[in-house]
Amino acid sequence: YKEQVGRLKRMIAYPLYQHDLRKYRKLLNICYVPSIKFAERVGVPLNYKELPSGGVLDHCVLGKKKNILANRDNLHSMRIFYVGGITGINDISGLFNVVAKNDFLELVVCCREEEWEMYGTKYEEYLCARVKIIHESGDKLKEYYLNADIASLYYHNDQYRDFAMPVKLFEYIGYGVPVIATKGTAAEEYISRNNLGWAVDDDEKQVSMLLKHLYNNYKEVKLKARNCINCAYENSWEARAKQVASDLKNDGEGSNNGVHI
């Protein structure tokens, strides 16, 4: 931050930031963070609890997803779904390249239209009949989640992802779609801890090998998808609110189970 802003702004903002952190120590009983790795970055000894983003719980969609899983056999292709940015730390050229080299894979990428217009040329060499680019949001995404076998959080390693918990992870889970994520990221740790997908190195060959294995052993995808469906109920916004209410009650009774860092 100090390197990215002007001297005057830094002189004003940084002391105020430090002031806020000192106030946290005096005023907070619990400090909620998206991941414990995030708490380690704060650098202030507090009682931290992990409370990442919630997801929308759609019982109807989850019911349909269960039916699709029950009848999805004899695959002609395996469908990957990605929702998010396509540039900077969100560069997904590795994912595009993996799909281009494996004719049993299909890919749907949902990104902002203006972003695709600006940066889509970077991906032109990978475009083919098995790749679809969409610019949808809200309920219009439901059909894509229902048809997806796997969602992707496979990116090149980046320091930011070590502690940041992507909101899209809980959207993927909420729609019952298991996730591939890069090892060492906060998202991957959550996925691995809850058996919701697969961890891969920042290595396209390894990703290709994993996807070939899953294509030939689709029952593993079904198992992870069912885990996601079960986990969706624990990660709704309602569940998050209940967790906070429970913590407040327990704290009022003099007990909590946060992590002191």
Next on the checklist: Using the ring centroid of each side chain, check whether Y218 and Y215 are separated by less than 6.0 Å.
Outcome noted: no
Item to check | Under 3.5 Å side-chain donor-acceptor pair for N102 and S208 | outcome: yes
Item to check | Charged N-O contact under 4.0 Å between K142 and D139 | outcome: yes
Next on the checklist: For K64, is the NZ atom crowded, meaning more than 12 foreign heavy atoms sit under 6.0 Å from it?
Outcome noted: no
Next on the checklist: Would you say L62 ends up clustered with W237 if hydrophobic residues are merged whenever their side chains have heavy atoms under 4.5 Å apart, either directly or through other cluster members?
Outcome noted: no
Checklist entry - Who else is in L16's hydrophobic cluster (ILVMFWY, side-chain heavy atoms under 4.5 Å, direct or via others)? => result L8, I12
Next on the checklist: With no hydrogens and no angle check, just 3.5 Å: does a side-chain donor-acceptor pair link S192 and E188?
Outcome noted: yes
Item to check | Non-hydrogen side-chain atoms of L69 and I229 separated by less than 4.5 Å | outcome: yes
Next on the checklist: Less than 3.5 Å apart, any donor N or O on the side chain of Y119 or E115 sitting next to an acceptor on the other?
Outcome noted: no
Next on the checklist: Please determine whether a side-chain nitrogen of the Lys or Arg among K183 and D202 lies less than 4.0 Å from a carboxylate oxygen of the Asp or Glu.
Outcome noted: no
Next on the checklist: I need the minimum non-hydrogen distance between Y144 and V108, along with the two atoms involved.
Outcome noted: CD2-CG1, 4.0 Å
Checklist entry - Aromatic ring centroids of H19 and Y14 under 6.0 Å? => result no
Next on the checklist: Quick check: closest heavy atoms across I150 and V177, and the distance to 0.1 Å?
Outcome noted: C-CG1, 3.6 Å
Checklist entry - Cut-off 3.5 Å, side chains only: do D247 and Q243 have a donor facing an acceptor? => result yes
Next on the checklist: Can you tell whether the side chains of E238 and K242 come within less than 4.0 Å, N to carboxylate O?
Outcome noted: yes
Item to check | For V99 against R130, the heavy-atom pair lying closest together | outcome: O-NH1, 2.8 Å
Checklist entry - After noting the C-alpha distance and the side-chain angles of H135 and E114, does the key distance pass the side chain to side chain donor-acceptor pair (under 3.5 Å) rule? => result CA-CA 9 Å; H135 313 293; E114 57 269 29; over 6 Å; no
Checklist entry - Can E106 and K132 be counted as an ion pair, charged N to O under 4.0 angstrom? => result no
Next on the checklist: Please report whether the ring centroid of F170 lies less than 6.0 Å from that of Y190.
Outcome noted: yes
Checklist entry - Which residues pass the side-chain contact (heavy atoms from CB on, under 4.5 Å) test with V244, sequence neighbours left out? => result Y32, L51, L248
